[in-house]
Structures are given as structure tokens and as C-alpha cells.
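Okay, structure first, notes after.
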Amino acid sequence: MSRKIQIYNTLTRKKEIFNPILENHVGMYVCGPTVYGDPHLGHARPAITFDVVFRYLKHSGYKVRYVRNITDAGHLENDADEGEDKIAKKARLEQLEPMEIVQFYTISYHKAMDALNCLPPSIEPRATGHIIEQIEMVQKILKNGFAYEVNSSVYLDVKKYNASYPYGTLSGRNIEDTLEGTRALDGQSEKKSSVDFAIWKKANPEHIMRWDSPWGEGFPGWHMECSAMSEKYLGKNFDIHGGGMDLVFPHHEAEIAQSNACNNCNPVNYWMHNNMITIDGKKMGKSLGNFINLEEFFIGNHAKLDRAYSPMTIRFFILQAQYRSTIDFGNEALQAAEKGFTKLMNAMGTLENLKHSDHSTYDINELEKNCYDAMDDDFNTPILIAHLFDGVRIINSVKDGKESLTASDLSKMQKLFSDFVTDILGLISAKESGENDLTDEVMELVLKLRGNAKKNKDFSTADLIRDELEKAGIQIKDSREGSSWEIK
RNA sequence: GGUAUCGUGGCCGAGUGGCUAGGCAGUGGUCUGCAACACCAUCUACAGCAGUUCGAAUCUGCUCGAUACCUCCA
């Protein structure tokens, strides 16, 4: 491969040239959703971010195994005072089986990801399907002397671990600071130190989800699943681990510790973290009351939303920001994104029927280089999109006869847009998904009738047709060559 | 309090030590039966203060502000 992809590595806090462990192959693990609630905007960002990474690596010729887990064993609830397993709590609330909840929300997650045109990962393992692997890992860590059992729970001994491996390198902390930052706590804890974390937890009687283990009935600690499943499918040391920035500490830090403690091997070469989505400048969260789920976006049913926004508008909006920046959602910004997206998609359509000429007034190779450079620079999609809009201007100008492209340049341009817009950014027009032959035929007839009316200077009929179609969500566009239509 | 990230024009968002990113909105044109689309031109900018430099929005320091995480509670 002649091109070099640079990835910002959270571990080193700088951009590094990406070199896979195995030539032409990439192993990538991304933290997936906890399926205990509706898929929301917070799920969309990492899914889209790493979907584009997945697509671009594949486009660049790598064979990629993309693993994204489904957390169905349940993590702790942040704001829980009861200390119940997230999933068990929801189950009790709704009088359902835990796995019924999990099934329901897994399906709705998949539907939302599909709507956002995120490719399914290569493997989508579930935590509950890998209890044995997690128990085995806990046993190895115990055997290696980096954990201890207390009262049927097992904790990772972070101080002991830190003597052999540096703890806190990913999040830029050290144990002393962490201990300092922990305010005077009880002393009642069964843990040796407040920095220790559970890798296996005893289940209290009210716990519905529980498994037998060498330490009694319980469930895996909340960081175990990712360590166990990433090792199982990608190996002890793999290329890329992704997730939201909020997971850097403690989740990913714990994963590193667990893997080292178990395998004496640093698990991940490149750590990638997408930034948060904010609403009115604040992180979106249930407790803040600014929580918008994806369904509400698609339908427009939320107090914060002026109207509905299509999945592709959301996708485009997210891609207009670099993945390491926060994105603030607002109606004005969303509507701007929607317009920009429509402009891009219209140009895609125009490009299909463009006429070539005997010389070019524009350098396609330069544009292509700019596009690759943008993506190679830590997947800089906003820069890529800016360059694509350069192409859009050219496409429209060629149509107007103000610029020209040779046949070979034109087909290059078509390939460029197909590669970058459709395959890499994963943007598809609403028309593509909602169109059928019958609609085409009917619209052809309608446009013919309107054309006749215009010829007869019957503009009131022509305008009536246009206005009514507009109400139905179809935009008529007149040009010298005739009229065309598109679904808005 | 600790750690990290960040503060760019009406809105959203890139970016580099010197050469107007881009999208949306605004303004003026061209096109058009009118409109939409499109094209051309154009107006708003780099939180504040000090320093380094021939030159800084880009480097350094300080100030102010914003956001995230700080782990055991099951």
C-alpha cells in the first residue's frame, strides 16, 4: 500500500502511522451498546465513526475483522442507588424476562443502525454467551497473583498490578492521584484498596441474571466481557480498539490491566475514542433530561426538535465533524446539514447523466489526492466533505457548460464520488431507498402534463402541480432541458 | 481538588507559523413565466492578557470560561 493512514492513538496522544500486526489484515474491537433501552444519539456516534473506519480500511485493501459486542449481562447503573444490575432492574420494572428485554432492544438497535446505513460488524458477540471465557480469564488472573477473592467476589489488585505494569497510561492517571481524588470513604469495603475493581461479583438473592462459578453464583465484573471476547476473536494482541471517550476510564484502563494480568501481553496497539454528542453544550444523558432517542429524531417527536430529521441527515451531520470533537446538536445546524446533504446527493444524480467533452478544465487527480489525504489523516471526514463540495461545484458547472471534463475524467469523477460518498462515508440518497419503477412512471406522466400546461402558458395549473407535489414531499426542478423531480 | 479535552465569523464546523477550508444563513448578480436548483461575487473570525518571532488564530505563559472522567455502589 502506497498510502499511509494515520490514527490518533489515545495511548500516546498523538497521530501514528497505522501498521497492522498481520500484513493486510486488521482486527478491530469496538464497545457496543448495553441493550437495556432505546437506541439514541449517543449510540449513533461511535457506530457511525467506526463504520467509516471499517469501510475505509476495507476500501484501502485491508481484510478487516470488526467485532462489536452486545452487552446483555448488564453493567452498573450510574445513578442506581439500589446497586442492581441494569438489565435485572429494567426486567423487574416491566415484569419481563431479562433476555426478553435484551432481545427487544437488540432488535431495535439493529434497526436503527440499519437506518443509519451502518454495516453490520463481522462478529457481534454477546456477554451472556461468553460467561465461560470470562470465568476462565478470572481464573488465570487469580493464578497469576493479580487478583484476590473476598466473600465470593474477585477483585483485581491494582496496586500489585501496578508494581509490574504501569496502570493508568491510557487515561493519564496514576494510582496516587486516583487515591487522592477519592474522598474519605467508609472503610467498610471488602476491597483491599479503593482502586481495585471487581472482575467477578457475587450475586445477591435479588439478582435475576446469575451464573455458577468457582466462587459461587455471580456475574462477571463489568469490564471482563470486552477483554474476554476481544481475546477470543482477535487474539491477545490486536490492532484497534474503539469506543466513546467516556469509556477511557475506568473501562478501557481496566481492560488493559485485565489483559496484562491474564496474558502478560498488552492487548491493543491503537486506541481510538470518539468524542461525545452534546445538546445545548451538555453531554446527553437521561439524568439531564436532554436525552433524544433515534426514533424521536426520525419522527420529529421531541420537545427539542422542530421537526423530523432523516437517518441520512443525522449521519451526514455526524460526519461533518471530526470524530474527536464534540458535536452540539441544534435545529439550525441540523437543517444546514440537511441542505448540504441534499446538495451533495443532487450532484451525485447530476453526475450520472453528465456529458463529457474533448478537454478537461479541472484536475480530478488533485481532487482525488485531497480526498485520500483527508481520510488518511485520522479519518478527517469534514475535510473530505469540503473537498467533495469542490467536486460538487465542478459537477454543476460542467452541467451548465462552464467547466468541462473528458470522458476518462468524467468516469474518474464518477468513481471518486461512488467510492467516497457511497462506499466510504456510507451516504445514500432518500430517493434510492424510497423509489420504485411505478413512481418513476407516474412522475414522468405528471411532469409531461405540467410541461404541456407550461407550453400553453397555463402557469396556474403548472404551479398547482408543483405546489401540491411539494406538499407531498416531492421537489420539482425546471431547467432548460426540461423538468426533473426528487424526493425531499 | 485531580486528570484530560477544548474555546474560530449569525449557526455548524476544519485548519496551518506568513498564502480567504467547507456547509448553512445574509447581501448583490446570472439563469428563470414565477419559484426551486445551480453558478459568480461578497460581508461577518480566531475568549482575554503578556511573551517568543521579521510575522501567530496557529508556539509559550497566565487569566477567564466550557465539557468529560475520577472506579465499587451491584
Side-chain angles (χ1 to χ4, degrees), chain A residues 10 13 74-86 88-89 153 155 158 168 171-174 176-183 185 189-191 194-198 201-204 206-207 218-219 221-223 244-251 253-254 273 275-276 278 281-283 316-317 320-322 324-344 346-347 350 370 374 377 380-390 392-393 395-397 399-403 454 457-459 462-463 466-467 470 475-480 484 486:
Chain A
T10 310
R13 289 178 212 293
H75 282 176
L76 262 188
E77 195 144 17
N78 296 324
D79 47 358
D81 39 327
E82 298 299 300
E84 286 174 87
D85 183 297
K86 263 184 190 172
K89 182 170 187 180
S153 291
Y155 295 94
V158 174
S171 52
R173 291 157 212 258
N174 56 53
E176 293 73 42
D177 286 347
T178 309
L179 282 171
E180 247 172 60
T182 312
R183 322 236 159 130
L185 279 168
S189 172
E190 55 191 29
K191 294 191 300 183
S194 63
V195 288
D196 295 349
F197 58 88
K201 193 73 188 173
K202 176 190 179 179
N204 288 335
E206 67 269 22
H207 250 89
F219 50 94
W222 63 302
H223 314 299
M245 257 179 200
D246 53 341
L247 298 176
V248 172
F249 193 89
H251 184 56
E253 202 69 77
H273 292 97
N275 213 320
M276 302 290 97
T278 58
K282 296 239 190 288
K283 182 187 172 181
F316 185 77
F317 183 73
Q320 264 194 313
Q322 215 274 346
R324 287 187 286 115
S325 310
T326 54
I327 317 180
D328 196 49
F329 266 67
N331 283 287
E332 205 180 337
L334 280 164
Q335 280 159 34
E338 186 179 74
K339 284 201 170 189
F341 173 66
T342 303
K343 188 171 173 179
L344 182 62
N346 287 347
T350 304
N370 289 340
D377 184 12
N380 200 327
T381 52
I383 294 287
L384 169 63
I385 290 170
H387 289 309
L388 289 172
F389 273 109
D390 260 355
V392 167
R393 201 189 78 247
I395 290 166
N396 288 324
S397 295
K399 189 190 172 204
D400 288 355
K402 289 171 181 161
E403 302 266 0
K454 280 175 68 177
K457 304 239 183 262
D458 179 6
F459 295 121
D463 289 352
R466 186 173 65 199
D467 294 346
E470 189 151 359
Q475 179 72 56
I476 296 296
K477 297 194 290 188
D478 294 335
S479 72
R480 222 171 273 153
S484 61
E486 72 188 43

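Keep in mind that this is a model prediction, so the values were computed, not measured. Here is the naming used below: chain letters follow the sequence lines, and residue numbers restart at 1 for every chain.
- Residue contacts shown for A:Arg466 include a base, since a base heavy atom lies under 4.0 Å away.
- Summarising the base pairing, B:G1 is matched to B:C70 through a Watson-Crick or G-U wobble pair whose two defining distances lie under 3.5 Å.
- Under the Watson-Crick or G-U wobble criterion, with both distances below 3.5 Å, B:C64 is paired with B:G7.
- Here the nucleotide nearest the side chain of A:Ala321, chosen from B:G10, B:A14, B:G33, is B:A14.
- Remark: ring of A:Phe389 not stacked against base of B:G23; the cut-offs of centroid gap under 5.5 Å and plane tilt under 30° are not jointly satisfied.
- Atom CG in A:Asp458 sits roughly 17 Å away from atom P in B:C34 (whole-Å rounding).
- When distances are taken from the side chain of A:Asn380 to each of B:C72, B:A14, B:C24, the shortest belongs to B:A14.
- The CZ atom of A:Arg13 sits 12 Å away from the P atom of B:U3 (whole-angstrom rounding).
- When the P atom of B:C6 is taken as reference, atom CG of A:Asn275 falls 9 Å away, rounded to whole Å.
- Contact annotation for A:Gln322: backbone-only contact, meaning every heavy-atom pair under 4.0 Å involves sugar-phosphate atoms and none involves a base.
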Test log, rule side chain to side chain donor-acceptor pair (under 3.5 Å), inputs A:Ser325 and A:Asn275
CA-CA 5 Å; A:Ser325 310; A:Asn275 213 320; over 6 Å; no
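- Atom P of nucleotide B:U67 and atom CD1 of A:Ile327 are separated by 18 Å, given to the nearest angstrom.
- On the C1' atoms, B:G9 is 14 Å away from B:G23, given to the nearest whole Å.
- Projected onto RNA chain B by closest heavy-atom contact, A:Lys454 and A:Arg393 fall at different nucleotides, the more 5' of which corresponds to A:Lys454.
- In this structure B:U58 sits in no base pair that meets the Watson-Crick or G-U test at under 3.5 Å.
- A close approach under 4.0 Å does not occur between any side-chain nitrogen or oxygen of A:Asn346 and OP1 or OP2 of B:C37.
- Residue A:Trp222 places its side chain closer to B:C73 than to any other of B:C39, B:A25, B:C73.
- For A:Phe197, the side-chain atoms get nearest to B:C72 when compared with the rest of B:C11, B:C72, B:U5.
- Pair assignment for B:U42: B:G26, on the basis of Watson-Crick or G-U wobble contacts that are both within less than 3.5 Å.
- Figure legend. B:U20 is base-paired to no nucleotide; pairs are counted as Watson-Crick or G-U wobble with both atom distances under 3.5 Å.
- In this structure, B:G33 makes no Watson-Crick or G-U wobble pair, since no nucleotide meets both defining distances under 3.5 angstrom.
- At the heavy-atom level, A:Ala386 lies under 4.0 Å from base atoms of the strands shown.
- The distance from atom CG of A:Asp400 to atom C1' of B:C40 is 11 Å, rounded to the nearest whole Å.
- If you check every strand for non-hydrogen atoms under 4.0 Å, A:Thr350 touches nothing.
- Nucleotide B:U52 has no partner under the Watson-Crick or G-U criteria, as no pair reaches both atom distances under 3.5 Å.
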